[in-house]
Amino acid sequence: MSVTPAIAVESVRFAHAGGAGMAFDLAIPAASRIAVIGPSGSGKSTLLHLIAGFERPSSGRIFFSGREMTQAEPADRPVTTLFQDNNLFEHLTIAQNAGLGLAPRLRLTADEKRRIDAMLAAVGLSGMGGRLPGALSGGERQRAALARALLSGKPVLLLDEPFAALGPALRDEMLTLVTDAQQARGLTVLMVTHSPADARAFATHVLFVDHGRGSGLLPVTALDAPEAGSALAAYLGR
Amino acid sequence: MTSTKAHVPAARPSAVHAPAIAVLIVAGGGVALALAALAAAGLQSGGAFIAAFDGVMGRAVRFTLWQAALSTVLSVVPALLVARALHAHPAFPGRGLLLRLFALPLALPALIAALGLLALLGRNGLLADGLTALTGARWPGIYGLEGILIAHVFFNLPLAARFFLVALEAVPANQWRNARQLGLPPLALFRLVEWPALRAAMPGVALMVFLLCATSFTLVLILGGGPQATTIEVAVYQALRFDFDPARAAALALLQLAAAITLGVLVARVPMPVTPFGATRHTRARPSMGETLMHATALGLAAVLVAAPVLAVLLRGATAPLRTLLADPAVINAALTSLAVALSAALLAVGAAVALLSARTPMIMMLAAAGGGGVLFAASPVVLGAGWFLALRPLVDPFEAAPFIVVFANALLALPFALRLLAPGWRASQLRHDRLAASLGLAGWRRLTIVEGRALARPLVAALMLAGLLSLGDLGVIALFGSDAVQTLPALLHARLGSYRTDDAAGLAFLLTLGCLVLLWLADRFSDGALR
C-alpha cells in the first residue's frame with residue numbers, strides 16, 4: 001500500500017550561482033526522524049533550504065502531504081527551521097521571540113500568552129520569558145528557538161545543525177527534547193548532523209547527501225555496516 | 001595537510017622602511033608646519049586674535065552648525081528609504097547602473113556639483129523659467145542656505161545610503177530566513193529586522209555626514225550668499241584673501257580644527273557598518289506591489305537628484321562658446337597647469353601610498369592610517385592652506401610657491417584614498433608572494449617592479465586616476481594661493497564666475513566635468529568595482 005509522504009522532493013534540480021548542479025529525489029514518510037549526513041559543502045543545507053522555500057528549484061517539484069508547494073513562500077509552507085545561529089531577534093524578549101511562532105504581529109491574547117509560558121516551561125525555560133537572548137547561554141537560546149518552532153504548529157521541523165556548537169551533554173539533552181516533541185506531536189524532522197553518534201541516537205532513517213545528490217533513505221543500521229567501497233563508507237572512514 | 005607555519009621566518013621578508021618613514025616625516029611635517037604657523041600667527045597678534053572671536057565669527061559658527069545639522073537630517077532620512085529599497089530588490093534591470101550613479105558624488109569634485117545646481121536652479125538655470133512661471137515671481141536662484149542644503153544632500157544622501165545598505169547586508173541571512181518563515185508583515189519586518197540594523201549604523205553615518213557638511217568649503221564658497229551664509233571654512237578664506245587679517249584667519253582656522261578634531265574623534269569611536277564576509281542575498285521575502293511602488297519612487301527621486309546636476313552641467317555647457325574658450329590663452333594655460341598639477345599630485349600620492357604599504361610595519365601602518373584619517377576629516381585643505389600661507393609669507397611670495405603647495409596639498413589629501421584602494425590587494429599579494437619572493441632573493445625596488453608592480457597594475461592605475469581626479473577638480477588650496485600667474489581650471493572657473501562671465505563658467509564647467517568623468521570612468525574600469 002502506498003502512504004502519502006510528508007515531504008516529496010521530486011526530481012528537483014538546483015545550482016547556486018557559479019556552483020555545480022544538485023539533484024534531489026526523496027520521499028520522507030510522515031512522523032519520521034531523518035538524519036541528513038554527508039561531507040561539508042555536499043548540499044545538506046541547500047536541501048533544507050529548498051524544502052523550506054528559501055531557495056527555488058530550477059526544475060522539479062516539492063510536495064507536502066501530497067500538496068504541491070514548489071513555488072510557495074516559506075511562511076506558507078508547513079515547515080519551520082532551526083538554524084545553527086541567529087534564530088532569535090536580539091531586541092525581543094524570549095517570550096516575544098517564542099510568541100512570533102503564534103502571531104507574527106505580536107498581538108497576543110491572554111490565552112496565547114499562557115501557551116507561550118507553558119511551552120517555555122516545556123523546553124526548560126520556565127520563568128525566563130522576560131529575558132533578552134543576550135542574557136542566555138547558547139543552549140538556552142536554542143531552547144527558546146525550539147519553543148517558537150513548536151508553537152508555530154508546523155508539522156515539519158528542519159534542524160540545520162542547531163546543536164552543533166553545544167557540548168555533548170547539552171546536545172544529548174536537546175536531542176531528547178526534540179525526540180519527545182516529535183513523538184508527542186507526530187512531527188516529521190530532518191536534522192543535518194556531522195556526528196554519526198547523534199544520528200544513531202536520534203534518527204529513524206539516514207539520508208546521505210554527497211556531491212549535491214541525495215535520494216533514498218537508509219536504515220540507521222547502514223551507519224554501522226555501510227556497503228563496502230561505497231561513498232558512505234568512505235565518508236564514515238570505514 | 002601539513003603545518004607550514006613553523007617555516008615562516010619571524011622577520012617579514014623585504015620590508016622597506018626608509019621611504020615610508022620619509023613619507024611620514026614629510027606629510028607629518030607639512031601638517032605640523034601649518035598648525036605651528038597658525039598658532040604663531042595667533043600668538044603674535046595677541047589682542048587681535050582674541051578680538052577675532054566676535055559676533056561675526058559667532059554668526060559663521062552658528063550658520064556652520066545649523067546648515068550641517070539640516071543637511072544631515074535631509075540626507076540621512078531619505079537615505080534610509082533608498083537603502084531599504086536597494087536591499088529589498090537585489091536584482092532588477094538597471095540596479096548596477098543605479099549603484100554606479102550613486103557612487104558618482106563620492107568622486108565628483110564639489111565644484112561641479114555646485115555648478116550643476118546653478119545650471120539647473122540658478123537665476124538663469126535651465127529650470128528658472130519654469131520656476132518663475134510656477135511661483136509667479138522672478139526666480140531668484142538658489143544661492144544661500146537652500147543651495148547649500150541641496151548640494152549637501154546631493155553628496156551625502158548616496159554616501160549615507162551606501163552605508164545603510166551595507167548595514168542591511170550585514171544582517172545575518174538566518175534572520176531574513178526567520179522573518180520569511182514567520183511571514184512577518186512589512187511593518188514587523190522593518191521593526192524587527194531592518195530598523196535595529198539601521199539604528200545601529202545611524203550614529204556613525206549621521207556624525208560622518210555632519211562632519212563632512214560642517215567642513216565643506218567649495219559648495220559654500222560657490223553657493224553661499226554673503227555674510228548670512230558663510231561657514232567657518234569660507235570665513236578663513238575671506239579673512240586671508242580679502243581682508244588680509246592673519247589673526248582672524250588663524251583664530252577661525254584653529255576653531256575649525258578644534259571642532260573637526262572633536263567630531264573626528266567621535267566619528268572614529270562610533271562603529272561604522274562593514275561589509276560582512278560571504279554575505280548572502282535573495283533571502284528577503286519579495287516585497288508586495290505597494291512596497292515595490294514605494295521603493296521605486298524613492299530610488300527614482302534619488303536618481304534624479306544625483307543625475308540632474310551632472311546632466312545640467314553638460315547640457316548648459318554644450319550651448320557655451322566652447323570654441324572661443326578653447327582658443328583663449330588663459331584657458332589653455334589653466335588646462336595645462338591643471339593637468340600638470342593633477343599628474344604630479346597623483347604620482348606623489350600613489351608613490352607615497354606604495355612606500356607606506358611596502359613598509360607594513362604595524363607601527364607605520366597605524367600612523368599612516370591615523371594620519372590619513374586625521375587629514376581627511378580634521379585638517380581641511382583650507383585650514384592647512386591658511387597655515388602654509390602664513391608660514392611662507394615671511395620667506396617667499398606665497399603666490400610664487402603656489403604650484404608646489406597645491407601639488408603637495410592635493411597629494412596629501414589624495415593619499416588616504418589611494419591607500420584605501422591599494423591596501424587590500426597589496427596585503428593579499430604580500431601574503432601570497434612573500435615566501436616565493438624571499439626564496440628568490442627579490443626585495444625592495446626589484447620586488448616592487450617584478451611582483452606588486454605587475455600583479456597590481458590595475459589597482460595602481462585606478463589609484464592614479466582617482467588621485468588625479470581629486471586634484472583636477474579641487475578648489476581648496478588653489479582658492480587661497482591662486483593668482484593670475486598660477487591658475488588651474490577650477491580657479492579660472494571661479495574667477496570667471498566671480499566676474500559674472502557665466503557663459504565662460506558654464507563652458508569651463510563642461511570641460512572640467514568631461515575630464516573628471518573620463519578619469520572616474522577609467523578609475524572605475526581599472527579598480528574592477530572596488531570603487532563601488
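Convention: sequence-line order gives letters A, B, ...; per-chain numbering from 1.
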#### Entry: Minimum heavy-atom distance between A:L170 and A:G139, given as atom pair plus value
CD2-CA, 4.1 Å
#### Entry: Nearest non-hydrogen partners of A:P57 and A:G60, listed with the distance
CG-O, 4.5 Å
### Message
Is there a salt bridge (Lys or Arg N to Asp or Glu O under 4.0 Å) between A:R107 and A:E112? Walk through the geometry before answering.
### Response
CA-CA 9 Å; A:R107 277 190 213 109; A:E112 284 171 331; over 6 Å; no
#### Entry: No-hydrogen, no-angle side-chain donor-acceptor test under 3.5 Å, A:H16 and A:T46
yes
### Message
Report, in residue-number order, which members of residues 79-92 of chain A are under 4.5 Å from chain B by heavy-atom distance.
### Response
A:V79, A:T80, A:T81, A:F83, A:Q84, A:D85, A:N86, A:N87, A:L88, A:F89, A:H91, A:L92
### Query
In residues 63-73 of chain A, which residues are in contact with chain B at a heavy-atom separation under 4.5 Å?
A:E73
### Query
Counting only N and O atoms by type, is there a donor-acceptor contact under 3.5 Å from the side chain of B:R458 to the main-chain atoms of B:R525?
yes
### Query
Just by distance, do the side chain of A:T93 and the backbone of A:L132 share a donor-acceptor pair under 3.5 Å?
no
#### Entry: Audit row: A:D210, A:S42, side chain to side chain donor-acceptor pair (under 3.5 Å) steps and yes/no
CA-CA 5 Å; A:D210 190 31; A:S42 61; 5.7 Å; no
### Note: B:R177-A:E55 ion pair, threshold 4.0 Å (strictly below)
no
### Query
Side chains of B:L421 and B:F526: closer than 4.5 Å at any heavy-atom pair?
no
### Message
If you apply the rule side-chain contact (heavy atoms from CB on, under 4.5 Å), what do you find for A:R213 with A:M22, and how did you get there?
### Response
CA-CA 6 Å; A:R213 313 276 148 191; A:M22 302 186 179; over 6 Å; no
### Query
What part of A:R148 is in contact with chain B, defined as an atom under 4.5 angstrom from a non-hydrogen atom: side chain, backbone, both or neither?
side chain
